[in-house]
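Atom set for the values below is all heavy atoms of this structure, side chains included, hydrogens, waters and symmetry mates excluded.
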Amino acid sequence: MSLPSNVHVSKHPCLVAKLSRLRSKSTDSREVKSLINEISLILGCEALATALTTHDGPKGETPIGYEYTTTTVQPQALSIVPILRSGLGMVEAIQTLLPEPVPVHHLGLYREPSTLEPVEYYNNLPHHVSTSSDDPSTHASSLAIIVDPVIATGGTCAAAIQTLKEWGVKKIIVLSVIAAAEGVTHAAREWPEAVEIWTAGVDAELTLNGMLKPGVGDVGDRLFLTIGK
């Protein structure tokens with residue numbers, strides 16, 4: 001399967017096994033939530049290892065009185081951008097990985113059923129660029145981390161990338177539990193010089209209504225017990 005160079009499919013054995021478990025229809029909502037979190041942790045470790053660098057910070061002191069040089073990560077202007085609803089299930093894992101709290105900006109996008117085109121219904125990105133570098137919550141991030149468990153047609157992911165580009169983000173990492181080959185290729189080509197996509201697995205096919213085959217079902221419904229709504 002040929003994919004763009006900015007698409008990275010993890011080969012971590014634990015992650016691959018967890019994805020297999022997530023596919024099962026017998027996996028209940030509580031375990032789905034845990035698996036999404038665990039997969040996000042592994043995937044986030046791999047992605048952030050390539051996107052962040054360490055820098056010396058101010059001096060600190062250990063509990064037994066020895067001085068040491070603290071470590072910070074760059075870039076510092078980071079944000080997490082979950083795609084509602086299902087992206088919420090990945091946020092905690094990325095917050096756990098990052099050494100400092102960062103803003104979380106929500107984007108609400110859904111696919112119009114007949115055309116499968118993305119429709120934005122919610123956007124809480126700050127509307128004004130801050131003049132103060134001390135207020136990371138109000139200016140465009142140097143690095144935005146989009147979290148969305150499933151990339152199907154790629155339209156929603158591409159729309160989110162375009163929204164963040166227009167906001168002024170310099171670089172984007174997309175973390176996805178699973179993607180369709182067609183969809184992840186579409187998303188990766190939206191802004192290839194600034195976007196890196198990391199996923200735990202890629203399915204070759206989509207159904208006629210835009211679901212991954214075999215896929216993992218509707219992750220939002222499985223997380224929030226709204227199957228059959």
Taking the side chain as every heavy atom from C-beta outward, state whether Leu22 and Arg222 have any atom pair closer than 4.5 Å.
yes
If we ignore hydrogens and angles and just use 3.5 Å, is the side chain of Arg21 paired with the main-chain N or O of Leu35 as donor and acceptor?
no
Return yes if some donor-acceptor pair links the side-chain N/O of Ser86 with the main-chain N/O of Val219 below 3.5 Å, else return no.
no
Using only atom types and a distance under 3.5 Å, with no angle test, would you say the side chain of Thr71 pairs donor to acceptor with the backbone of Asp56?
no
Lys33 and Asn37: side-chain contact (heavy atoms from CB on, under 4.5 Å), yes or no, with the steps?
CA-CA 6 Å; Lys33 181 180 179 181; Asn37 182 73; 5.8 Å; no
If you compare all heavy atoms of Val195 against all heavy atoms of Asn6, which two are closest, and at what distance to 0.1 Å?
O-ND2, 2.9 Å
Parallel, tilted or perpendicular for His105 and Trp167, by the 30°/60° rule?
perpendicular
Give every donor-acceptor pair under 3.5 Å between a side-chain atom in residues 142-154 and any protein atom, sequence neighbours left out.
{"unit_1": "Thr153", "atom_1": "OG1", "unit_2": "Gly155", "atom_2": "N", "d": "3.3"}

Tell me yes or no: between the side chains of Ser10 and His8, is some donor less than 3.5 Å from an acceptor?
no
Could you tell me if Thr70 and Lys59 have a donor-acceptor pair between their side chains, going purely by distance under 3.5 Å?
no
Considering only NZ, NE, NH1 and NH2 on the basic side and carboxylate oxygens on the acidic side, decide whether Arg85 and Asp218 come within less than 4.0 Å.
yes
Flag the pair Pro214 / Asp203 as yes when at least one side-chain heavy-atom distance between them is below 4.5 Å, and no otherwise.
yes
Tell me which donor-acceptor pairs under 3.5 Å the side chains of residues 179-194 have, and how far apart each pair is, sequence neighbours excluded?
{"unit_1": "Thr185", "atom_1": "OG1", "unit_2": "Ala181", "atom_2": "O", "d": "2.8"}
{"unit_1": "Trp191", "atom_1": "NE1", "unit_2": "Glu193", "atom_2": "OE2", "d": "3.1"}

Beyond-backbone contact of Thr27 with Ser24, side-chain heavy atoms, under 4.5 angstrom
yes
